[in-house]
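Read the structure below first, then the notes.
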Number of protein chains: 2
Amino acid sequence: MDTHTSQDAFSPNTASTRLHRALRVRMCEGDFSPGDVISIRRVAAEYGTSAMPAREAIRWLVTEGALVFSDSRKIIVPELSRERFHEVLFARKSLETQVSRQAFTHITTDDIDELRRIDTEIDEAIEQSDLLGYMRGNYRFHFHIYRRSHSRVLLPIVESLWLQYGPSMRYICTRWGASTIADDYHREVTQALSRGDIEAFCHAIAADIEQGMQLLHQVE
Amino acid sequence: MDTHTSQDAFSPNTASTRLHRALRVRMCEGDFSPGDVISIRRVAAEYGTSAMPAREAIRWLVTEGALVFSDSRKIIVPELSRERFHEVLFARKSLETQVSRQAFTHITTDDIDELRRIDTEIDEAIEQSDLLGYMRGNYRFHFHIYRRSHSRVLLPIVESLWLQYGPSMRYICTRWGASTIADDYHREVTQALSRGDIEAFCHAIAADIEQGMQLLHQVE
DNA sequence: CCGCTGTTAATGTGATCACACATGTGTGAT
DNA sequence: ATCACACATGTGTGATCACATTAACAGCGG
């Protein structure tokens, strides 16, 4: 029905697609803030390529809604209205618990170990007030789980949600400090996985996202 | 939640966007068949531009799922499986009746006149076995209605459905003759509009799409 | 000190070229 | 006659350049 549910897009391994994926991850991890200007040449220079791949990657993100044209054809990271941010979080709660449920049976003990490792990295980042480190860890924690769902339909949709969510989340955290998001539910997630308790697991995921919604109310 | 519901994409009036829109319409009107190879240089030559705008327009359509990469990086019009085609028609029935309902109050007598005019063009096309003329008329008939809905959310989704639907519809019609689709419900649509009967109007729209589903069963 | 203005830097867009690869075709050897 | 190899063609990709537009900023006049 939309670009995500369309047949699996065979993506050739080109510089453009690599750059696109890289920028996608960076946006989810909160490397950018709303209003940031994304320049073709600057991105190209950052990744050591010519302007062409950067151009295509950026235009791709524009068609995905992850970036938008400003008034004067500059390309910027869009700002999420409070209402829209809430919508995204609501959709996240619904879809990501569903994805987690699908992923549950595929999660191995190795995965759990990896999740714990990521979680300790997150704790270190919080301790050092390293906001970007926290957001990067948070992204990797969640998507290490979600990728186990093997869903070619829901996963891209969830990714597109994070694409919109990342920059605004970073903005909020920089304004209000990472302390507000220190109490996540990652430990509950890993503990539920260790016990093999799927309901507690999904509940912890939902709680982790819900915590973001409470943060939103706390801010306004 | 997806690219369509993202904030209104401000599209600068560039050659790329013009080309993109043009190709979009042509796909909805059935100018292309599944499996057709869409070449950057050929499109550029057709529209008298350089390769760059064609390149961006085509890549745009690829990200929309309207075009796909073939095995060897050639860009082709995708083929819709029977199952998928049925899914699209089912979604069309649901969404387009909804869009029509929203459009109803905004349709003026001038619009009805225009719809009748398009319908006579369609009849002429059918009489001359002009398949492309029929499909072009059919597209314009439906979207003249849908555009009156002023929906920035549903309308792009419906367009993306037609984007997938167009080529396969053309393929089916060329194989089985335009005679199979001669009995549309356009007259019922305009008559219901004249009477101001919204229920009959929505019912006629649904019937028109349903007729396409019956065609599908007839074919297989 | 404020406001206007001309300049400068940076941006996206479009055009053109080189390259690697795939495909089809024709030609030559067997 | 058939098969294999080379060549020609067309493809997307990446690089580079020119151009118009725009934002920022320094400099000048009030």
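Just so it is clear, the values below take in all heavy atoms, side chains as well, and ignore hydrogens, waters and symmetry mates. Just so we're clear, the structure is a prediction, and the values are computed from it rather than from any experiment. First the proteins, then the strands, lettered A, B, ... as listed; each starts at 1.
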Side-chain (B:Ser70) to main-chain (B:Lys74) donor-acceptor, under 3.5 angstrom: yes
Basic-acidic side-chain contact under 4.0 Å: B:Arg140, B:Glu121: no
DNA chain C base-pair string [pairs: Watson-Crick or G-U under 3.5 Å; |: paired with another strand]: ||||||||||||||||||||||||||||||
Row check, A:Phe32 ring normal vs A:Arg170 NZ/CZ: under 6.0 Å, within 45°: no
Table please: side-chain donor-acceptor pairs of residues 141-148 of chain A below 3.5 Å, with sequence neighbours left out.
from     : atom 1 : to       : atom 2 : distance (Å)
A:His142 : ND1    : A:Asn138 : O      : 3.1
A:His142 : ND1    : A:Asn138 : OD1    : 3.3
A:His142 : NE2    : A:Asp208 : OD2    : 2.9
A:His144 : NE2    : A:Asp111 : OD1    : 3.1
A:Tyr146 : OH     : A:Glu96  : OE1    : 2.5
A:Arg148 : NE     : A:Asp111 : OD1    : 3.2
A:Arg148 : NE     : A:Asp111 : OD2    : 3.1
A:Arg148 : NH2    : A:Asp111 : OD1    : 3.0

Check: B:Gln102/B:Ser149 side-chain N/O donor and acceptor closer than 3.5 Å: no
Aromatic ring pairing A:His150/A:His106, orientation class (parallel under 30°, perpendicular over 60°, tilted between): perpendicular
Are any protein N/O atoms closer than 3.5 Å to N/O atoms in nucleotides 11-15 of chain C? If there are, list each pair with its distance.
from   : atom 1 : to      : atom 2 : distance (Å)
C:dT11 : OP1    : A:Ser39 : OG     : 3.2
C:dT11 : OP1    : A:Arg42 : NH1    : 3.4
C:dT11 : O5'    : A:Ser39 : OG     : 3.4
C:dG12 : OP1    : A:Ile38 : O      : 3.1
C:dG12 : OP2    : A:Ile40 : N      : 3.0
C:dG12 : N7     : A:Arg41 : NH1    : 2.9
C:dG12 : O6     : A:Arg41 : NH2    : 3.1
C:dT13 : OP1    : A:Arg59 : NH1    : 3.4
C:dT13 : OP2    : A:Arg59 : NH1    : 3.2
C:dG14 : OP1    : B:Ala15 : N      : 2.5
C:dG14 : OP2    : B:Ser16 : OG     : 2.8
C:dG14 : N7     : A:Arg55 : NH1    : 3.3
C:dG14 : N7     : A:Arg55 : NH2    : 2.9
C:dG14 : O6     : A:Arg55 : NH1    : 3.4
C:dA15 : OP2    : B:Ser50 : N      : 2.8
C:dA15 : OP2    : B:Ser50 : OG     : 3.0

Charged N-O contact under 4.0 Å between A:Glu46 and A:Arg26: yes
